[in-house]
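As a basis for the values below, the full set of heavy atoms in this structure was taken, side chains included, without hydrogen atoms, waters or symmetry mates.
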Amino acid sequence: MKRILTFAVIALAASLNIESAQPMKAPKGGKPISDELLGIFFEDISYAADGGIFAELVQNGSFEYNPTERDGWGPGTSWRFVRPGHSLGRIEPRMDNPLHPNNPTYMRVYIERVGHYPDFDGWTGVGLENSGFDGISVKAGQKYDFSAFLRNVEGGNKEVRVVLVEPGRPAKVLADQTIVASLNAWQQIPTTLTPSESSSSAVLQLLVLGKGAIDIDQVSLMPQDTYKGHGLRKDLIQALADLKPKFMRFPGGCVVHGGGDGFWGTYRWKTTIGPRHERKHLKNTWGYHQSMGLGYYEYFQLCEDLGMEPVPILPCGVSCQGTNGGWGMPGQAQDVVPMSEMDEWTQDALDLIEWANGDVTTKWGKKRAEQGHPEPFHLKYLGLGNEERISPEFCERFKYMYERVTKAHPEIVIVGTVGPGSHPGNSDYDNGWKLCDELGIPLADEHYYEPRDYFLNNRQYDSYPRGKKTKIYLGEYAAKDSKLIDALAEGLYLLHVERNADVVCMTSYAPLFARKNNTSWNPDLIYFDNERPYLTCSYYVQQMFGQSAGQYYYGDCVRFEGDKAGVVQPVENSHYGQSVVLNAKTRRLYVKLCNATNGKKLAHLNLSRFGSLKAGTKTLLCGQAEDKNNFEVQPVAPITEPFKAKSKADLELPPYSFTMLEIAL
């Protein structure tokens, strides 16, 4: 029965696609709204990049980890010195004559003896072993591209055994290749490994088989099977694609302005493009390392792959107000660059626009083309700053950048910031909005994380003035838990946001990703380990909003039993609500209904104004209020089934449920 139902839903989806060719005229009564309402916000928090969506399997492959990032870290972190077969030697981290100034540390391996002895079991050599991120996960029969920069500094040509190993006694060889280092200069040497068996805990060994000394740097092992061949982990990016996001904000977040580490830790986009071995590594403000294997080129490429508008966020010469634990200090610990240096920060913004949109004959457009993308990325949005304290010093520097960027590029939509805790009465919020009004900034980025009761009961945007030039981007928000009731609270709040999507143009839940056992913040939308992601209740609510984008909102098509005439739910302190959205471009109608109460709710639907209703599907997410998905069990997931649409109908909503109807017109 389940298989028959699945085929029916697929057939209906196909028919919906067929009907989407001819746009339609919206019936009267609809409010024009943003059709870019739901996007994603990616920040490298909780190992979301290295060890996350960036598919690199080797950790610290450039030997750049250091104790500034975490106590006890260094070039040897995630590496072991190995010398099987009674071989002798040693390793030494060095920084003289490096591969590149941005990648200064490498490992020298000295090989004194490689021998075969009476107990020789086939293993010999002197070298290094990398355990990846909690082990290296490989699949039987799939191909993995290995590469490393080698320099033969002493002795004759050296064979280097590259082997994937399942640890144990004895260890099991999963894949094995031999490369040769012959030059007394840095040389990148590739090979391909194809495991004979799958493993979730493999290690990678580099075993030098000849006497002398050799330098090693930029060790890499990448699966060939990545999302569209662009080096990102397929299952995690597919989870993003399934959200149907309209834009992506990146790379942060606190990562943008260096968090609590000062200006040396500020994310500068120019050092994240070009060949991987030339990118500048950086401490991650969340307490680990950024290799920049996932840099601006990869971010823009991901936006292109998923059909998202890129929304890069640049620092504007002001540090995080929490520098070195300064959140509790009077006035907070915000640092600023001298105004005499602001031209450098402004030029970074101008050069980014040229890199993204410029012709290949321009300086930065040429650099984009050299990396493999001669066509422009068509950048539309640019954010300046991330939830900084809205101090006089911030306003001065933001205004300096804003005026110069908009003068040079009036076509770019600038996203400003109104600080954390974006509610009326918060001084940063109030000061941020004064700056927005003064400059006429197109979008203001609001952030807040609140207990579920806030989202269940408050309707912040119902009272937002309609005459302002500045619209709202709700760039970071979430309830403070990941149970079904929290997801429904967020969904209820989004219904009110959708009702106000004439002024709230964009939203993005945060944070997006978190790696198992390396989580810096809870809750997150998607959790993952080396093998798979698991999707939270909030993910499925976000997905339904992403799937139901449109250009017109209708508030009077649904009435709940017991409500007075003219009441458009959700209102304040009401735990149920609705939204009807028309996508005139695709001729689809979306009815979303949320019931965050412990009893059933009866909804009366009147869709007569939309004319003939064709094929439809009904997606239902429901369960117990305290249900919560995790790695072991996922009790909450949506169920989609065919739905026979009628112009007038009554629909009973289960307790603790979110329902979406998709109807072809």
*Asks:* Using a strict cut-off of less than 4.0 Å between a Lys/Arg side-chain nitrogen and an Asp/Glu carboxylate oxygen, indicate whether Glu129 and Arg80 qualify as a salt bridge.
*Replies:*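 Salt bridge between Glu129 and Arg80, a charged N being under 4.0 Å from a carboxylate O: yes.
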*Asks:* Do Asp225 and Lys234 sit within salt-bridge range, that is, some charged N less than 4.0 Å from a carboxylate O?
*Replies:*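 Looking at Lys234 together with Asp225, the answer is yes, because their closest N to O distance falls below 4.0 Å.
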*Asks:* Please say which of Trp364, Phe300, Tyr296 ends up in a ring-ring contact (aromatic ring centres under 6.0 Å, His included) with Phe377.
*Replies:*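 Only one option passes, and that is Phe300.
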*Asks:* For the residue pair Ile273 and Trp355, establish whether any side-chain heavy-atom pair is separated by less than 4.5 Å.
*Replies:*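 Side-chain contact under 4.5 Å: yes.
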*Asks:* Using the side chain to side chain contact (heavy atoms under 4.5 Å, CB included) rule, take Tyr381 and Leu443 through it: C-alpha gap first, then chi angles, then the decisive distance, then the call.
*Replies:* CA-CA 10 Å; Tyr381 298 102; Leu443 282 171; 3.8 Å; yes
*Asks:* Closest approach of Asp627 and Cys537, non-hydrogen atoms and distance?
*Replies:*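 The pair with the smallest heavy-atom distance is O-SG, 4.1 Å.
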*Asks:* What pairs with Asn458 under side-chain hydrogen bond (donor to acceptor under 3.5 Å, both in side chains), at least two apart in sequence or on another chain?
*Replies:*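 Applying side-chain hydrogen bond (donor to acceptor under 3.5 Å, both in side chains) to Asn458 gives none.
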*Asks:* If you take all heavy atoms of Gln334 and Arg389, which pair is closest and at what distance?
*Replies:*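 So the minimum-distance heavy-atom pair works out to NE2-O, 3.0 Å.
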*Asks:* Hey, does Tyr144 have a side-chain heavy atom less than 4.5 Å from the side chain of Lys139?
*Replies:*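 A side-chain contact under 4.5 Å exists here.
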*Asks:* Quick one, Glu309 with Met248, criterion side chain to side chain contact (heavy atoms under 4.5 Å, CB included). Give me CA distance, side-chain angles, the key distance, then yes/no.
*Replies:* CA-CA 6 Å; Glu309 293 284 353; Met248 183 174 79; over 6 Å; no
*Asks:* Would you check if the distance from the ring center of Trp73 to the ring center of Tyr288 is below 6.0 Å?
*Replies:*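 Between Tyr288 and Trp73, which both carry aromatic rings, the centre distance is not below 6.0 Å.
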*Asks:* Using the benzene-type ring in the case of Trp, are the ring centres of Trp79 and Tyr65 under 6.0 Å apart?
*Replies:*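 When the ring centroids of Trp79 and Tyr65 are compared, they turn out to be at least 6.0 Å apart.
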*Asks:* Which class fits the ring pair His289 and His281: parallel under 30°, tilted 30 to 60°, perpendicular over 60°?
*Replies:*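 His289 and His281: tilted rings.
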*Asks:* Is the closest side-chain donor-acceptor distance between Gln460 and Tyr454 under 3.5 Å?
*Replies:*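 Yes, side-chain donor-acceptor contact under 3.5 Å.
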*Asks:* For a quick test of reading the model, state the closest non-hydrogen atom pair linking Ser291 to Asp50 and the distance between them.
*Replies:*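 In terms of heavy atoms, the two residues are closest at N-OD2, 2.8 Å.
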*Asks:* Cation-pi check, Lys516 to Phe631: give yes when NZ or CZ is under 6.0 Å from the six-membered ring centre and within 45° of the ring axis, no otherwise.
*Replies:*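 Yes, a cation-pi geometry.
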*Asks:* Going by atom types only, do Glu304 and His373 share a side-chain donor-acceptor pair under 3.5 Å?
*Replies:*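 Yes - a donor-acceptor pair under 3.5 Å links their side chains.
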*Asks:* Of all heavy-atom pairs between Pro98 and Pro104, which one has the smallest distance, and what is that distance?
*Replies:*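 Looking at all heavy atoms of both residues, the closest pair is CB-O, 3.4 Å.
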*Asks:* Salt-bridged, Lys483 to Glu626, with N to O below 4.0 Å?
*Replies:*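 Glu626 and Lys483: salt-bridged.
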*Asks:* Indicate yes or no: does Arg249 engage Glu43 in a salt bridge with an N to O separation below 4.0 Å.
*Replies:*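 No, no charged N to carboxylate O under 4.0 Å.
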*Asks:* Please name the pair of heavy atoms, one in Ala202 and one in Val138, separated by the smallest distance, quoted to 0.1 Å.
*Replies:*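 Of all heavy-atom pairs spanning Ala202 and Val138, the closest is CB-CG2, 4.4 Å.
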*Asks:* List in chain and number order the residues that pass side-chain hydrogen bond (donor to acceptor under 3.5 Å, both in side chains) with Tyr477, two or more places apart in sequence or in another chain; answer none if no residue qualifies.
*Replies:*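 So Tyr477 forms a side-chain hydrogen bond (donor to acceptor under 3.5 Å, both in side chains) with Gln542.
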*Asks:* Do Gln218 and Asn103 have side-chain N/O donor and acceptor atoms under 3.5 Å apart?
*Replies:*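 Looking only at side-chain atoms, Asn103 and Gln218 do form a donor-acceptor pair, the distance falling under 3.5 Å.
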*Asks:* Quick check on salt bridge (charged side-chain N to carboxylate O under 4.0 Å, His left out): which of Arg268, Arg397, Lys270 does Glu344 satisfy it with?
*Replies:*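 With Glu344 as partner, salt bridge (charged side-chain N to carboxylate O under 4.0 Å, His left out) holds for just one option, Arg268.
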*Asks:* With distance as the sole criterion, is a donor-acceptor pair present between the side chains of Asp305 and Gln301 under 3.5 Å?
*Replies:*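 Asp305 vs Gln301: no donor-acceptor pair found between side chains.
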*Asks:* Please tell me if the side chains of Leu314 and Val256 come closer than 4.5 Å, counting only heavy atoms from C-beta onward.
*Replies:*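 Side-chain contact under 4.5 Å: no.
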*Asks:* I need the Arg94 CZ to Arg108 CZ distance, nearest 0.5 Å.
*Replies:*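 If I round to the nearest 0.5 Å, the distance is 3.5 Å.
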*Asks:* Are Tyr106 and Phe149, when compared by the centres of their aromatic rings, separated by less than 6.0 Å?
*Replies:*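 No, the ring of Tyr106 stays outside the 6.0 Å limit from the ring of Phe149, centre to centre.
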*Asks:* What I want to find out is whether Glu490 reaches Arg452 closely enough, with some N-O distance under 4.0 Å, to be called a salt bridge.
*Replies:*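 Here Glu490 does not pair with Arg452 in a salt bridge, since their nearest N and O are not under 4.0 Å apart.
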*Asks:* When rounded to the nearest 0.5 angstrom, what distance separates CG in Asp428 from CG in Leu435?
*Replies:*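 Answer rounded to 0.5 Å: 12.0 Å.
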*Asks:* Quick one: sort the His423 and Tyr448 rings into parallel, tilted or perpendicular, breaks at 30° and 60°.
*Replies:*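 Because their plane-to-plane angle lies in the 30° to 60° range, the rings of His423 and Tyr448 count as tilted.
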*Asks:* Using every non-hydrogen atom in the two residues, find where Lys246 and Gly546 come nearest and quote the distance to one decimal.
*Replies:*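 Nearest heavy atoms, Lys246 then Gly546: NZ-O, 3.0 Å.
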*Asks:* If you measure from the Lys or Arg side-chain nitrogens to the Asp or Glu carboxylate oxygens, is any gap between Arg233 and Asp235 under 4.0 Å?
*Replies:*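 Yes, charged N to carboxylate O under 4.0 Å.
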*Asks:* Salt-bridged, Lys628 to Asp486, with N to O below 4.0 Å?
*Replies:*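 Salt bridge between Lys628 and Asp486, a charged N being under 4.0 Å from a carboxylate O: no.
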*Asks:* Testing Asp44, Leu294, Leu512 one by one against Ile53 for a side chain to side chain contact (heavy atoms under 4.5 Å, CB included), which residue passes?
*Replies:*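 Only match with Ile53 under side chain to side chain contact (heavy atoms under 4.5 Å, CB included): Leu294.
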*Asks:* Answer yes if the side chains of Tyr400 and Asp343 hold a donor-acceptor pair under 3.5 Å, and no otherwise.
*Replies:*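 Side-chain D/A pair, Tyr400 to Asp343: present.
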